[in-house]
Amino acid sequence: MAQRRVLRTAIPGPRSLALAERRAAAVSAAVASTMPVYAARAGGGVVEDVDGNVLIDLGSGIAVTSVGSAAPRVVEAVRAQVEAFTHTCFMVTPYESYVAVAEELARLTPGDHAKRTALFTSGAEAVENAVKVARAATGRAAVVVVDHAYHGRTTLTMTMTAKVAPYKQGFGPFAPEVYRASASYPFRDGLTGEEALARTVATITTQVGAANVAAVVIEPIQGEGGFIVPAPGFLAGLARWCRDHGVLLVADEIQTGFARTGAMFACEHEGVVPDLVTMAKGIAGGLPLSAVTGRAELMDAVGPGGLGGTYGGNPLACAAALATLRTYEEDDLVGAARAIERLVLDRLRAAQAGDPRIGDVRGRGAMLAVELVDPTTGAPDAALTRAVAQAAHRAGVIVLTCGTDGNVLRLLPPLTIGPDLLAEGLDVVLDALAAQPG
Ligand SMILES: Cc1ncc(COP(=O)(O)O)c(C=O)c1O
């Protein structure tokens, strides 16, 4: 696909507007979309809509198409697989690609201990299963999660998710034995990693009791909660505390995994080796696949038949994953994420120097964000954030927001985006911010 922004109609154009009308009559209003346009094709760093507009993609379908949408190796692998067989169910007639994905994940995830893997379909399902493994392996029930966490939308994972609206509103009662502690949010709490850790540990100790805790589940860089990078030492200290108390550390790398942060996994930035890792999103180039990889003795503590699912590790998704994982390594997409970080952070920091509404610039690799605030009070400015995102959308750039307070613009470009296209997308976003009345 030609890699340039093209605006042929207003955004949304007439065909998208017609689809929006059909959608309103057929699709639940509870399912929301960021963009008002409907996709026709996508690849590299662009998405083409049904009106022929070509948009710069700074979202990757929420951190999924890191290798690009319809990436050539993925297309080829899926095409070959779909002609061979589409499904047998690994629990009925197993196949090699599932085993090969498990071997690759054992090699790629942090730590050189013996590992085992189970495959699932969605990120939430991976988190649910990590909790099942942790409980079965430790014989303990409590699960500790932190402020600003996002772990999914099923009953257990929405309970583990921090933000009420829209994820939990009206959906209770929630799952039992889930406890929340504070995390590390340097821009807001001003604490060092050590100070933040002391606060987190005090809450767990006094309100849950270390001996009752099966696992602490944490995103090494928090995603939906605001692209929050913990202060140095927080994560490593938490890992140490977990080890000392027989508590399993589950790293939810569903958004941060697979080269996204300039390392294969975000835990590597802190030298942390989790007991269990949950993965999804970037694992299979857009096909639905998720995984839990962990210490062999933990993963094998669950009785036979205790983990699984009809579609878990579907052969098309496994074929796509093997092609995707090869692409990360052969095309050095970890290096590409680091190059994106250099290009984008410099620009964002320069913008911050001239605009007091940019309260914070943060992130790693190609997972970068600006937090927008009221310059006089420092209060989160969700209205400004929304206005900037919508102006960028109208100008042909897909940009997402996040944050517990809805005041964070997040950048998640495909790692395959060209530097000129990325710079242009960034120009559009920063121009949209500059154009908003201060
Ligand atoms: C850190 C994290 N965990 C879990 C999930 C849930 O994944 P899924 O939407 O595939 O269920 C997400 C999705 O955004 C996520 O970012």
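All ligand and atom numbering here is 1-based and tracks the order in the structure. Hydrogens, waters and symmetry mates are skipped; everything else that's a heavy atom, side chains included, is used. In this chain, residues are counted from 1 in sequence order.
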Can you tell whether the side chains of [X] and [Y] come within less than 4.0 Å, N to carboxylate O?
| X | Y | answer |
| --- | --- | --- |
| R199 | E194 | no |
| R41 | D49 | no |
| E177 | R135 | no |

Per the under 4.0 Å non-hydrogen criterion, ligand 1 touches S122, G123, A124, Y150, H151, G152, E219, E224, D252, I254, Q255, K281
Ring center gap for F265 and F258 short of 6.0 angstrom: yes
In the structure I gave you, are the side-chain heavy atoms of P232 and E270 within less than 4.5 Å of one another anywhere?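 Yes, their side chains come closer than 4.5 Å.
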Please set out all donor-acceptor pairs under 3.5 angstrom arising from side-chain atoms of residues 406-416, sequence neighbours excluded.
residue	atom	partner	partner atom	Å
N407	ND2	E371	OE2	3.2
N407	ND2	L372	O	2.9
R410	NE	T401	O	3.2
R410	NH1	E224	OE2	3.0
R410	NH1	Q255	OE1	3.0
R410	NH2	E224	OE1	2.9
R410	NH2	E224	OE2	3.3
T416	OG1	G44	O	3.3

